[in-house]
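Step one of this worksheet: look at the structure below.
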Amino acid sequence: MRPTSGLEVVRAGSLTTVQDLGRPGYAHLGVPRSGALDTEAHALANRLLGNPADAATLETTLDGVALRAVGTVTVAVTGAPCPVRVAGRPAAWGAPVRVPNGAVLEVGAAAYGVRSHVAVRGGFAVPAVLGSRATDLLSGLGPPVLTAGTVLPVGRPWGPVAGADTLRVPAPPTELVLPVRPGPRADWFTEESVAALARGAYRVSSAGNRIGLRIEGGPALVRARGGELPSEGIVLGAVQVPPNGLPVVFLADHPVTGGYPVLGVVPHEALAGAAQARPGVAVRFVMVGP
């Protein structure tokens, strides 16, 4: 049954998913948190519309999305800066925008950064799984990746529209600085190798996704001991080192370890920048205390 208030996907973009604050508390079952990668952009989009922080938004990747309004709705676009158009006319980025019934909201390609967020007043009312509406690409939980023709229902508004001056909007990084707190297996690597990590000229690889930020260039980490570990649960931001010695920073849809040691952990507050770093952006690791 077609909802009386919603948004129909006209152009899905390269990867657009429904995201919220994820499903914490299930790591012991092997279920990652998932949820928005750029949590600041997700929160700002909801706040602009008077939605609670856990209301579901859309997370786009590089080339945006196009949506047709079913009933008149109010939306806000945040995250990676991009052109916004309603019925072919320019509209504001980072502010509430009214989309009349039948009009198409066009969220264009990111000018810089990677991921934009589209919130709608009332939130996207897709069914929740384990308490979350987030799409988890690795576990297959939550709604599928958006495709053209999908109609997303919209919930009831919670409060008044807030306006555009409520939060700072951090720019996507031109250099990604990642603090690393030593992890449970830091002693599996030589001290010289860990010291070189902080001096290495690394960059973001094009092989990254919602599961992990992959790094290339720079010196490979050298193991002080061989062997593999039984699979272990890991936290968001864990820095795992596969056999090629180049670290992988695990993001919201991360798996368990798969036998490779975790050198350390990037704190949560540094991960929004990782979500917006494009391939080729310089990466610098900074070792910090526990």
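Just so it is clear, the model here is predicted, and its values are computed rather than measured. Numbers for residues simply follow the sequence, beginning at 1.
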Contact check, side chains of R278 and S206, non-hydrogen atoms, under 4.5 Å = no
Do you know the tightest heavy-atom contact between Q240 and Y260?
-> NE2-O, 3.2 Å
Show your working on side-chain contact (heavy atoms from CB on, under 4.5 Å) between D63 and R11 and close with a plain yes or no.
-> CA-CA 10 Å; D63 63 348; R11 181 181 64 83; 4.1 Å; yes
Can you tell me how far the CG atom of L176 sits from the CG atom of L213, to the nearest 0.5 Å?
-> 6.5 Å
Report yes if the side chains of V239 and V248 come closer than 4.5 Å at any heavy-atom pair, otherwise no.
-> no
Under 3.5 Å, is there a donor-acceptor pair between the side chain of S116 and the main chain of A80?
-> yes
Looking only at side chains, do N101 and T72 share a donor and an acceptor under 3.5 Å apart?
-> no
Shared-cluster residues of V222, by chain and number - hydrophobic side chains joined below 4.5 Å = none
Take L67 and V10 through the test side-chain contact (heavy atoms from CB on, under 4.5 Å) and record every step on the way to the result.
-> CA-CA 5 Å; L67 306 161; V10 176; 6.0 Å; no
Shortest non-hydrogen contact from A252 to L37?
-> CB-CD2, 3.4 Å
What about Y26 and I211, same hydrophobic cluster or not, with Ile/Leu/Val/Met/Phe/Trp/Tyr joined at side-chain heavy-atom distances under 4.5 Å?
-> no
Which pair of non-hydrogen atoms, one from P32 and one from H254, has the smallest distance, and what is that distance?
-> CB-O, 3.2 Å
Is it true that V73 and V84 fall in one hydrophobic cluster, defined by side-chain heavy atoms closer than 4.5 Å?
-> yes
What are the two closest heavy atoms between G217 and Y202, and how far apart are they?
-> O-CD2, 2.8 Å
Please answer whether the main-chain N or O of Q19 pairs with a side-chain N or O of E59 as donor and acceptor at a distance below 3.5 Å.
-> no
Please list every donor-acceptor pair under 3.5 Å in which a side-chain atom of residues 117-146 meets a protein atom from a residue at least two apart or in another chain.
unit_1, atom_1, unit_2, atom_2, d
H117, ND1, T57, OG1, 2.9
H117, ND1, L58, O, 3.4
R121, NE, G159, O, 3.3
R121, NH2, G159, O, 2.8
S132, OG, D20, OD1, 2.8
S132, OG, D20, OD2, 3.2
S132, OG, A134, N, 3.0
R133, NE, V126, O, 2.5
T135, OG1, V18, O, 3.4
T135, OG1, P143, O, 2.7
D136, OD1, L138, N, 3.0
D136, OD1, S139, N, 3.1
D136, OD2, S139, OG, 3.1

Please confirm whether the backbone N or O of W188 pairs with a side-chain atom of R185, one donor and one acceptor, at under 3.5 Å?
-> no
Please examine the side chains of L49 and T74, heavy atoms only from C-beta on, and report whether any two atoms are closer than 4.5 Å.
-> yes
How about R23 and R33: do any of their side-chain heavy atoms sit closer than 4.5 Å?
-> no
Smallest separation among heavy atoms of V114 and A275, with atom names = CB-O, 3.7 Å
Okay, side chain of D253, backbone of R210: is any donor-acceptor separation there less than 3.5 Å?
-> no
Spacing of E40 atom CD and Q276 atom CD [to the nearest 0.5 Å] | 10.0 Å
Partner set under salt bridge (Lys or Arg N to Asp or Glu O under 4.0 Å) for R68, not counting sequence neighbours | E8
Would you call V180 and V265 a side-chain contact if the rule is heavy atoms closer than 4.5 Å?
-> no
Is any side-chain heavy atom of L236 closer than 4.5 Å to a side-chain heavy atom of L271?
-> yes
How close do A103 and V86 get, heavy atom to heavy atom, and via which atoms?
-> CB-CG1, 4.3 Å
Using a 4.5 Å cut-off on heavy atoms from C-beta on, say whether the side chain of V204 contacts that of V283.
-> yes
Step by step, work out the side-chain contact (heavy atoms from CB on, under 4.5 Å) result for V281 and E175.
-> CA-CA 6 Å; V281 166; E175 180 190 41; 5.5 Å; no
Are W93 and V99 in one and the same hydrophobic cluster, where Ile, Leu, Val, Met, Phe, Trp and Tyr link if side-chain heavy atoms are under 4.5 Å apart?
-> yes
Evaluate whether atom CZ of R214 has more than 12 neighbouring non-hydrogen atoms of other residues, nucleotides or ligands under 6.0 angstrom away.
-> no
So CG of N209 and CG of L15: to nearest 0.5 Å the spacing works out to 9.0 Å
Examine V249 and V235 and state if one hydrophobic cluster contains both, with Ile, Leu, Val, Met, Phe, Trp and Tyr joined whenever side-chain heavy atoms are less than 4.5 Å apart.
-> no
Would you say S193's side chain and F189's backbone share a donor-acceptor pair under 3.5 angstrom?
-> no
Test side-chain contact (heavy atoms from CB on, under 4.5 Å) applied to L263 and L221, step by step | CA-CA 10 Å; L263 169 70; L221 285 150; 4.1 Å; yes
Under 3.5 Å, side chain of T39 to main-chain N/O of A36, donor-acceptor pair present?
-> no
Going by heavy atoms in the side chains, are F250 and P255 under 4.5 Å from each other?
-> yes
Would a hydrophobic clustering, with Ile, Leu, Val, Met, Phe, Trp and Tyr connected at side-chain separations under 4.5 Å, put V9 with V107?
-> yes
